[in-house]
Number of protein chains: 2
Amino acid sequence: MARATERLQRYLEDELGECRSEAVEERLDELGTLEAAIGPEQVDTELDVLSALANETRYTLVRVLVAAEAELCVCELHAVVDVTESGLSHALSGLVEAGLVEGRKDGRWKKYRATNRAVALVTVIEGSVDE
Amino acid sequence: MARATERLQRYLEDELGECRSEAVEERLDELGTLEAAIGPEQVDTELDVLSALANETRYTLVRVLVAAEAELCVCELHAVVDVTESGLSHALSGLVEAGLVEGRKDGRWKKYRATNRAVALVTVIEGSVDE
DNA sequence: TAGTCGGTTGAGCAGTAGCTCAATTAATGC
DNA sequence: GCATTAATTGAGCTACTGCTCAACCGACTA
C-alpha cells in the first residue's frame with residue numbers, strides 16, 4: 001500500500017501540475033467515499049446474485065423460466081439442461097437462495113417460477129448485450 | 001434422457017388429465033423453442049459478462065468506475081481493491097474483454113472508464129437487489 | 001542510452017465451484 | 001404397510017478461477 005500511495009502521489013502531482021501533499025489524502029478519501037457509498041453488505045448480496053447467474057446451467061434455467069412466464073415442473077426443466085437430476089436440484093436450490101427463482105410443491109411434483117428480480121435482470125442483460 | 005422423458009410423460013398425463021402421447025413431443029418442442037429463442041451465442045456472451053462481474057475485485061472496480069462517472073488511473077484504482085498490481089491488471093483486462101470497461105493510454109499512465117454496458121448493468125443490479 | 005517507473009503478461013499454485021453418485025425424504029398408489 | 005416415484009441432500013472428485021511472483025515491455029528522464 002505504501003508503494004501504491006507513492007505512485008498515486010506522483011500521479012496527482014503530474015495531473016494537478018503542483019505538489020500539494022494533501023491532494024493525496026483528499027483523493028484517497030474521494031475514492032474511499034465512492035467505494036463506501038456502495039454499501040458493502042449490499043455488494044455481497046449483489047455478488048451472490050451475479051455468481052448464481054454466472055453459470056451456464058443456472059442461467060439457462062433462469063432464462064427459460066423468465067421466457068416461459070409460468071411455473072415449470074422440475075421434470076420439464078430437466079429437459080432443457082444437460083445435468084443429472086441431482087445437478088438440476090443443486091442448481092435450482094442455488095437460484096432460490098439468490099432470490100432468482102421460487103419453488104412450490106404441488107402434490108408430488110415441484111414447480112418453479114422466476115422472481116421479479118430474475119425478470120428484471122435477464123431483461124437488462126439481454127438488452128445490454130445485443131447491441 | 002430416456003428416463004427424464006418418461007417422467008415428463010407421466011407429469012403431462014397427470015396435468016392434462018388424459019394421456020395423449022403427442023403431448024410429450026409437443027411439450028418438449030415448446031421447451032426447446034423457449035430455449036432456442038434465446039440464441040445460444042448471445043447466451044455465451046451474456047455468460048462472459050456475468051462471469052466477469054461475479055468476482056469481488058472486478059465488481060468493485062466496475063462499481064467504482066460507474067460511480068466515478070470519469071476515467072480513473074490504474075494507480076487510483078489500486079487504492080480501492082486489495083490485490084497486487086498484477087492482480088489488478090489481470091482484473092482490468094478481464095473487464096475489457098467483457099466490454100465493461102475501456103482503457104486509454106495517457107503518457108505513461110493508463111486510464112480506465114466504465115462502458116455504457118457497465119452503467120446499465122450496475123444500475124439494474126443495484127436496483128433489483130435493494131428492495 | 002541507461003535507468004526508472006507504470007503497467008502488462010505468463011507460469012504456477014491454492015481454493016472453490018460444479019458436477020456425479022449414493023443415500024434419503026416426501027408424497028402417492030397398491 | 002410396502003413399493004414406487006419426484007426431488008433433495010451430502011460426500012467426494014475434477015477442473016477451473018483468481019491470485020501472486022517474476023520477468024518483461026514502453027514511455028519518460030537524467
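Just so it is clear: chains get the letters A, B, ... in the order the sequence lines come, proteins before strands, and each one is counted from 1. Quantities reported herein were computed from a predicted structural model and do not represent experimental measurements.
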I need the CG-C1' distance between L88(A) and dT20(C), as an integer number of Å. 13 Å

Is any side-chain heavy atom of L53(A) closer than 4.5 Å to a side-chain heavy atom of R58(A)? no

E6(A) atom CD is separated from dT4(C) atom C1', nearest whole Å, by 13 Å

Check DNA chain D against residues 97-107 of chain A and give the residues with a non-hydrogen atom under 4.0 Å, in numerical order. none

Round to the nearest Å and state the distance from Y112(A) atom OH to dA6(D) atom C1'. 11 Å

E126(B) vs E46(A) side-chain heavy atoms within contact, under 4.5 Å: yes

Length of the CZ-P vector between R7(A) and dA27(D), whole Å: 16 Å

Just to confirm, is there a sub-4.0 Å distance from OP1 or OP2 of dG6(C) to any side-chain nitrogen or oxygen of R10(A)? yes

Please evaluate residues Y11(B) and R108(A) with respect to the criterion side chain to side chain contact (heavy atoms under 4.5 Å, CB included), reporting the C-alpha separation (whole Å), side-chain torsions for both, the decisive distance (0.1 Å), and the verdict. CA-CA 10 Å; Y11(B) 173 68; R108(A) 69 162 143 206; over 6 Å; no

Side chain of S89(B), backbone of E85(B): donor and acceptor closer than 3.5 Å? no

Below 4.5 Å, heavy atoms only, C-beta onward: do I125(B) and Y59(B) meet side chain to side chain? yes

So do V119(B) and T123(B) actually touch side chain to side chain, heavy atoms under 4.5 Å? yes

Tabulate below the donor-acceptor pairs under 3.5 Å that side-chain atoms of residues 64-75 of chain B make, not counting sequence neighbours, or state none.
residue, atom, partner, partner atom, Å
E71(B), OE1, R104(B), NH2, 2.8
E71(B), OE2, R104(B), NE, 2.6
E71(B), OE2, R104(B), NH2, 3.3

Do any side-chain nitrogens or oxygens of Y11(B) fall under 4.0 Å of OP1 or OP2 in dT28(C)? no

Length of the line joining L92(A):CG and dA6(D):P, which is rounded to integer Å: 16 Å

Would you mind telling me which residue lines up with the more 5' stretch of DNA chain C, N55(A) or R108(B), judged by nearest nucleotide? R108(B)

R117(A) side chain to S128(B) backbone, donor-acceptor under 3.5 Å: yes

All side chain to side chain contact (heavy atoms under 4.5 Å, CB included) counterparts of T57(A), not counting sequence neighbours: N55(A), L61(A), V81(A), V83(A), A91(A)

Using atom NE2 of H78(B) as one end and atom P of dC5(C) as the other, report the distance to the nearest whole Å. 16 Å

For the pair E76(B) and K111(B), find out whether any cationic side-chain nitrogen is under 4.0 Å from an anionic carboxylate oxygen. no

May I ask you to list the residues of residues 56-71 of chain A, by number, that have any heavy atom positioned under 4.0 Å from an atom of DNA chain D? none

For R113(B), give me all partners under side chain to side chain donor-acceptor pair (under 3.5 Å), at least two apart in sequence or on another chain. E102(B)

Just the rounded figure in Å: distance from P of dC5(C) to CD of Q9(A). 14 Å

If you restrict it to nitrogen or oxygen atoms, what contacts under 3.5 Å exist between nucleotides 21-24 of chain C and the protein, and what is each distance?
residue, atom, partner, partner atom, Å
dC21(C), N4, S86(A), OG, 2.4

From CG of D48(A) across to P of dA17(C) the rounded distance in Å is 10 Å

